[in-house]
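Heads up, the thing below is written out as structure tokens.
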Amino acid sequence: MKPRGVIVSVVSSASFAAFSYLAVKAEPLDGIQVWGWRTLITVPGILFLLAISGRWFWFSGELKRVIARPTKLFAYAFTTPMLAFQMWLFGWAPQTGHALEVTLGYFLLPLMMVLIGSLIFKEHLSRLSAVATGIAILAVLYEIWRSGGIGWPTLAVALGYPAYFVIRRVFETDGVGALAWEMTLSTPIAMWTIARGAGLSTVVTTPRLAFVLLLAGGVSIIGMVTYVMAAKELPYTLFGLLSYVEPVLVTGVAIVIGERIASDQWPTFIGIWLAVIVLAGDGVLALVKHRRFAFPHIRPWRRRRPRKHPNERHSWQRFTRPRKRNAQ
């Protein structure tokens with residue numbers, strides 16, 4: 001483990017929390033327009049960084065894999081709009097007073113990933129993971145009893161993201177290159193949302209707003225790049241533990257911008273936080289015991305690529321290297 005891995009992971013979480021705060025400062029633009037500008041700024045930035053870092057084959061290699069296996073397009077037909085929806089939700093929620101509901105969804109997300117990993121992928125579920133899942137279920141049942149249901153922003157994160165991850169894993173589109181393609185495919189719609197109405201003219205004639213959007217796009221790029229760096233340098237379990245920093249920071253942002261937890265809603269949040277603490281404790285034990293398994297991290301976009309041939313400089317050369325014919 002490299003010490004800088006912890007630093008870049010915290011920077012990633014802080015960047016996403018900062019974007020949540022900047023989304024509020026982007027008014028009078030609505031959530032869909034904020035998403036459009038974020039996408040339009042982030043996509044070129046990500047592609048530029050892939051190019052200058054020698055990782056362009058992540059992007060080009062994914063295209064080759066889709067051409068070789070066209071059924072992957074079914075995955076993109078779901079994951080592209082789902083990722084766009086989640087990015088829109090993350091910017092819309094702070095503007096409309098739903099940041100705490102979205103944050104609750106992000107706290108529930110790793111617990112849902114543990115449950116799905118156990119039920120669908122038959123992954124090992126430790127005793128502490130089972131306890132944490134049980135506590136979370138009780139908290140959710142209390143919230144349903146208290147308010148008659150769970151807010152749709154919470155469900156959108158807690159159920160939408162797991163479905164997104166499952167589809168990516170099943171169709172093997174869970175790499176960084178696939179993430180870049182999902183955002184790239186959303187660019188035409190992002191441009192349309194920017195052009196509609198008076199959003200474009202408002203940004204052009206308001207230097208303060210243009211600066212906020214550029215800053216929001218910049219922190220979004222930093223967040224995604226440092227997230228990938230942390231995923232590469234940190235052990236899986238520690239990376240999962242540090243992923244909880246983001247919803248904690250976003251909760252702080254929600255309180256700063258004026259949202260408050262209702263007195264009768266505290267048991268829900270306390271229950272979810274307790275479940276997260278138990279799950280984090282399971283991760284600490286996994287680190288101490290050097291277990292090879294652990295709970296899934298919050299947004300597992302990255303997957304390990306097959307080992308490259310010793311003579312290959314980049315993995316895309318696997319697709320151009322002639323195959324050896326079997327001896328007759």
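Positions are given from 1, in the same order as the sequence printed here. Keep in mind that the numbers below use all heavy atoms, side chains included, and drop hydrogens, waters and symmetry copies.
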Contacts of T79 that satisfy side chain to side chain donor-acceptor pair (under 3.5 Å) - sequence neighbours left out: E182
L159 meets the side chain to side chain contact (heavy atoms under 4.5 Å, CB included) criterion, sequence neighbours left out, with M112, L155
List for me each residue that meets side chain to side chain donor-acceptor pair (under 3.5 Å) alongside T39, sequence neighbours excluded, and say none if there are none. W35
With sequence neighbours left out, what residues match T71 under side chain to side chain donor-acceptor pair (under 3.5 Å)? R69
Please identify each residue that fulfils side chain to side chain donor-acceptor pair (under 3.5 Å) with E259, with sequence neighbours left out. none
Where at least one partner belongs to residues 132-158, residue pairs that pass salt bridge (Lys or Arg N to Asp or Glu O under 4.0 Å), sequence neighbours excluded: E143-R146, R146-D264
Around atom OH of Y21, are there more than 12 heavy atoms from other residues, nucleotides or ligands closer than 6.0 Å? no
Taking only distance into account, with no hydrogens and no angle test, what donor-acceptor pairs under 3.5 Å do side-chain atoms of residues 271-279 form with protein atoms, sequence neighbours excluded?
none

Mind checking what makes side chain to side chain contact (heavy atoms under 4.5 Å, CB included) contact with I52, not counting sequence neighbours? F48, L49
Going by the salt bridge (Lys or Arg N to Asp or Glu O under 4.0 Å) test, which pairs reach into residues 82-111, not counting sequence neighbours? none
Side-chain donor-acceptor distances from residues 13-20 under 3.5 Å, at least two apart:
unit_1 : atom_1 : unit_2 : atom_2 : d
S13    : OG     : S9     : O      : 3.4
S15    : OG     : V11    : O      : 2.8

Partners meeting side chain to side chain contact (heavy atoms under 4.5 Å, CB included) with P267 (sequence neighbours left out): Y142
Residues in side chain to side chain contact (heavy atoms under 4.5 Å, CB included) contact with I255, at least two apart in sequence or another chain: T251, R260
